[in-house]
Number of protein chains: 2
Amino acid sequence: MIKLLGVSKYYQNKFDKTYILRNINLEIKEGEFVSIMGPSGAGKSTLLYIIGMLDSASEGEYYFLDEQVHKMKEKRLTELHKSHIGFVFQQYHLIDELTVYENIETPLLYQKVSGSERKGKVAELLDRFNMVAKKDLFPNQLSGGQQQLAAIARAIISKPKLILADEPTGNLHSDQGKEIMQLLKKLNDEGTTIIQVTHSEENAKYGNRIIKLSDGWIEKE
Amino acid sequence: MIKLLGVSKYYQNKFDKTYILRNINLEIKEGEFVSIMGPSGAGKSTLLYIIGMLDSASEGEYYFLDEQVHKMKEKRLTELHKSHIGFVFQQYHLIDELTVYENIETPLLYQKVSGSERKGKVAELLDRFNMVAKKDLFPNQLSGGQQQLAAIARAIISKPKLILADEPTGNLHSDQGKEIMQLLKKLNDEGTTIIQVTHSEENAKYGNRIIKLSDGWIEKE
Ligand SMILES: Nc1ncnc2c1ncn2[C@@H]1O[C@H](COP(=O)(O)OP(=O)(O)OP(=O)(O)O)[C@@H](O)[C@H]1O
Ligand SMILES: Nc1ncnc2c1ncn2[C@@H]1O[C@H](COP(=O)(O)OP(=O)(O)OP(=O)(O)O)[C@@H](O)[C@H]1O
Ligand SMILES: [Mg+2]
Ligand SMILES: [Mg+2]
């Protein structure tokens, strides 16, 4: 499903390049559940952003379902991202001007889903995450963990083929964290490809493969 | 050092009050290292904000070093907060327009610390947290864990009497998380009062007392 060949990412400042990712070669098949681990600053979020088409590599090739992502125009990238990918951001990035309900509903607006069907799906997730009482509040009125749950709900509601989750349980109590991991495992059993960045050995066990990133390099698996 | 008597916090919406904290009675002595635990939405961050004078209670009394906080004017609250308290926010709240160096240096600007002394203290923390290469970058150019480390550095640099840390290791690798907890323990051994909100049983062990918050109530200790 995903093929990265010789992918590098750097930032150019006045005098030199700061390499964040170096010569990444990575293949992930449909249906895998992969955990990316490594120290702070290793490049995990950067790698997830590139896979999720929210950023582009500085060098190398990226094939998504055999299409050449590194050659795509902005419009096609956005289309592909919206139709195939659900992303849980490390900093959530909920939209401040929309209510919790509207935030979670957003991905469904890009699909041809009827109003009543959207209502049912949002209601089901609000109920599952115990957030019904919060549906008309705005993100800044939620606790840290509630924002994380809303971000997760938004990422999974349209049943995307690929879920990218950047530290999805960092602000959750261990019981709630377990519930989220079990939910991801269930989606994976049903065919969803999942790539999570996690610092937790516990969370990594739900997947079937661990990729260790360090200083921009992938360590031998 | 801290005395909360009958403290409550609610938000008023059109028809009713949503109680976030209910009848909190809590005493914390100087030199304690307390961990506040509980599920998402329990009111932990809200309680920490009230203790840190960043928000006020709706009902009840708050005594800080025997002064009546609930009766203070804005100016006095800000003064007391800046001179006595270091706060690590759950969402970091670094200032986007300032570099990492400037963000960490900020608390020292409120003290009568010479320029060269400030430079030395910031340099020492940047080095300790392995962030020297990042000192001239802006917060949005840092990884999640690096932002958390910068937020921690800023909270401890002026050696405040009281450190309030809201989930200080949520985005850190376990080794880095341990380093931070050991650093807090060391500050506590040197006399700093520490109140942390944490979801981690592991982190709670560094303290000498656990307060369990649930639905706005403190459970019997
Ligand atoms: N615009 C930029 N300019 C310079 N360096 C940058 C920029 N953006 C990101 N970086 C650097 O990229 C590196 C990797 O960042 P990334 O967010 O991928 O780390 P990470 O592995 O996700 O870390 P964490 O576990 O802390 O979230 C960091 O060292 C960061 O400082
Ligand atoms: N302006 C507001 N209006 C209504 N409810 C609010 C507002 N601000 C906060 N709340 C509610 O206060 C409750 C407690 O929030 P708080 O941030 O203290 O929780 P928490 O215990 O820190 O949770 P977490 O572990 O997820 O960070 C939440 O249910 C939240 O929705
Ligand atoms: Mg990251
Ligand atoms: Mg909180």
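We name chains A, B, ... by the order of the sequence lines, and we start the count at 1 in each one.
More than 12 heavy atoms of other residues, nucleotides or ligands shown are found within 6.0 angstrom of NZ on A/Lys185. Heavy atoms from other residues, nucleotides or ligands lying under 6.0 Å from CD of B/Glu74 number 12 at most. Shown here is B/Gln12, whose CD atom has more than 12 heavy atoms of other residues, nucleotides or ligands within 6.0 Å.
Contacts with chain A (heavy atom to heavy atom, under 4.5 Å) involve these residues of residues 36-48 of chain B, listed by number: B/Gly38, B/Pro39, B/Ser40, B/Gly41. Scanning residues 126-135 of chain A against chain B with a 4.5 Å heavy-atom cutoff picks out nothing at all. Within residues 192-207 of chain B, the residues approaching chain A closer than 4.5 Å by heavy atoms are, in numerical order, B/His199. Of all residues in residues 140-153 of chain A, those placing a non-hydrogen atom less than 4.5 angstrom from a non-hydrogen atom of chain B are A/Ser143, A/Gly144, A/Gly145, A/Gln146, A/Gln147.
With a threshold of 4.5 angstrom between heavy atoms, A/Tyr92 approaches chain B through side-chain atoms but not through N, CA, C or O.
Expressed to the nearest 0.5 Å, how far CG of B/Asp136 lies from CG of A/Asn13 amounts to 10.5 Å.
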